[in-house]
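Per chain, numbering begins at 1; letters A, B, ... match sequence-line order. Just so it is clear, the structure is predicted and the values come from calculations on it, not from any experiment.
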Amino acid sequence: GAVVSQHPSRVICKSGTSVKIECRSLDFQATTMFWYRQFPKQSLMLMATSNEGSKATYEQGVEKDKFLINHASLTLSTLTVTSAHPEDSSFYICSAPAAQETQYFGPGTRLLVL
Amino acid sequence: RKEVEQDPGPFNVPEGATVAFNCTYSNSASQSFFWYRQDCRKEPKLLMSVYSSGNEDGRFTAQLNRASQYISLLIRDSKLSDSATYLCVVKEGGSYIPTFGRGTSLIVHP
């Protein structure tokens with residue numbers, strides 16, 4: 001069964017609105033979670049590392065004021081895309097590190113900004 | 001961050017064929033290596049880890065060449081259900097943060 005859930009799985013919104021995506025670890029605690037973005041036919045690009053109880057670490061080129069990350073508990077991290085624009089349309093995936101250095105991925109959120 | 005490179009393909013093969021993918025990495029500090037499988041519009045799922053001595057899991061064989069900094073995945077007796085994108089993933093020692101290749105697309109046809 002799934003060990004990381006993501007909600008919503010799909011969202012369509014108007015340009016200028018904000019969209020919140022939730023990532024939850026099920027049955028385990030995750031002090032660290034990762035947020036990725038994947039455009040069609042491209043690799044997963046790490047956007048930021050979410051740290052429970054502290055600020056997220058953003059990758060170069062990712063605007064922290066546009067992509068707000070909150071890791072308020074050991075099982076929940078949220079990514080808010082603020083003032084979304086069509087170019088933000090993408091597949092957003094979270095993951096949490098697991099044993100044996102693997103990653104558990106959430107099922108992803110497909111965002112379409114009109 | 002250093003890169004992980006893969007031939008995007010697609011590799012178009014008939015059922016039963018043997019197909020191999022390579023992946024090169026540029027970060028010599030890389031210590032952990034994985035192959036993930038990603039189906040269309042789905043999240044990646046771990047296929048197998050890659051060990052220094054090479055390892056096999058059923059029809060899948062993974063190998064690592066540290067000197068040349070590449071890893072490979074061999075799929076024998078391809079099935080239609082093997083059609084997917086195969087992602088090469090590399091991590092530095094002691095790091096939680098993986099680096100993904102862009103993936104190699106495999107299409108297995110009847």
> Is there any residue in residues 72-80 of chain A with a non-hydrogen atom under 4.5 Å from a non-hydrogen atom of chain B, and which ones are they?
Replying inline: none
> By number, which residues in residues 106-114 of chain A have some heavy atom less than 4.5 Å away from chain B?
Replying inline: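 Answer by number: A/Gly106, A/Pro107, A/Arg110.
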List the atom pairs, with distances to 0.1 Å, where a side-chain N or O of residues 61-69 of chain A and a protein N or O form a donor-acceptor pair under 3.5 Å, not counting sequence neighbours.
| unit_1 | atom_1 | unit_2 | atom_2 | d |
| --- | --- | --- | --- | --- |
| A/Lys66 | NZ | A/Thr82 | O | 2.9 |
| A/Lys66 | NZ | A/Ser83 | O | 3.0 |
| A/Lys66 | NZ | A/Asp88 | OD2 | 2.9 |

> So does A/Arg10 have more than 12 non-hydrogen atoms from other groups sitting under 6.0 Å from CZ?
Replying inline: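 For A/Arg10, atom CZ is not crowded (no more than 12 foreign heavy atoms under 6.0 Å).
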>> So for atom CE, which belongs to A/Met45, do other residues, nucleotides or ligands contribute more than 12 heavy atoms lying within a distance under 6.0 Å?
In response: no
> Given B/Ile71 and B/Cys88, is the side-chain contact (heavy atoms from CB on, under 4.5 Å) satisfied, shown in steps?
Replying inline: CA-CA 8 Å; B/Ile71 66 175; B/Cys88 173; 3.4 Å; yes
>> So which residue, A/Ile93, A/Leu44, A/Thr32, ends up with the most heavy-atom pairs under 4.5 Å with chain B?
In response: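 Among A/Ile93, A/Leu44, A/Thr32, the one with the most close pairs to chain B is A/Leu44.
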For residues 102-110 of chain B, please give each side-chain donor-acceptor pair under 3.5 Å, one per line with the distance, not counting sequence neighbours.
| unit_1 | atom_1 | unit_2 | atom_2 | d |
| --- | --- | --- | --- | --- |
| B/Arg102 | NH2 | A/Lys41 | O | 3.3 |
| B/Thr104 | OG1 | B/Gln6 | NE2 | 3.3 |
| B/Thr104 | OG1 | B/Asp7 | O | 2.6 |

> Measuring heavy-atom distances to chain B, does A/Gln38 have an atom under 4.5 Å in its side chain, in its backbone, in both, or in neither?
Replying inline: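 The answer is the side chain of A/Gln38.
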>> Please classify the contact of A/Phe105 with chain B as side chain, backbone, both or neither, using a heavy-atom distance under 4.5 Å.
In response: both
>> Same cluster or not: A/Val11 versus A/Tyr92, using hydrophobic residues (I, L, V, M, F, W, Y) connected whenever any side-chain heavy atoms lie under 4.5 Å apart?
In response: yes
> Among the clusters formed by ILVMFWY side chains lying less than 4.5 Å apart, do B/Leu73 and B/Phe33 turn up in the same one?
Replying inline: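 B/Leu73 and B/Phe33: one cluster.
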>> The test is side-chain contact (heavy atoms from CB on, under 4.5 Å); show your working for B/Leu47 and B/Tyr86 and say whether it passes.
In response: CA-CA 9 Å; B/Leu47 179 64; B/Tyr86 291 84; 3.9 Å; yes
>> Using the ring centroid of each side chain, check whether A/Tyr36 and B/Phe100 are separated by less than 6.0 Å.
In response: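 Judged by ring-centre distance (under 6.0 Å), A/Tyr36 and B/Phe100 do meet the cut-off.
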> Parallel, tilted or perpendicular: which describes the rings of B/Phe21 and B/Phe11, with under 30° parallel and over 60° perpendicular?
Replying inline: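 Perpendicular, since the angle between the ring planes exceeds 60°.
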>> So, taking the atom named OH in B/Tyr51 and the one named OG in B/Ser32, what distance separates them when rounded to the nearest 0.5 Å?
In response: 9.5 Å
> Tell me, side chain or backbone of B/Pro8 under 4.5 Å from chain A's heavy atoms, or both, or neither?
Replying inline: neither
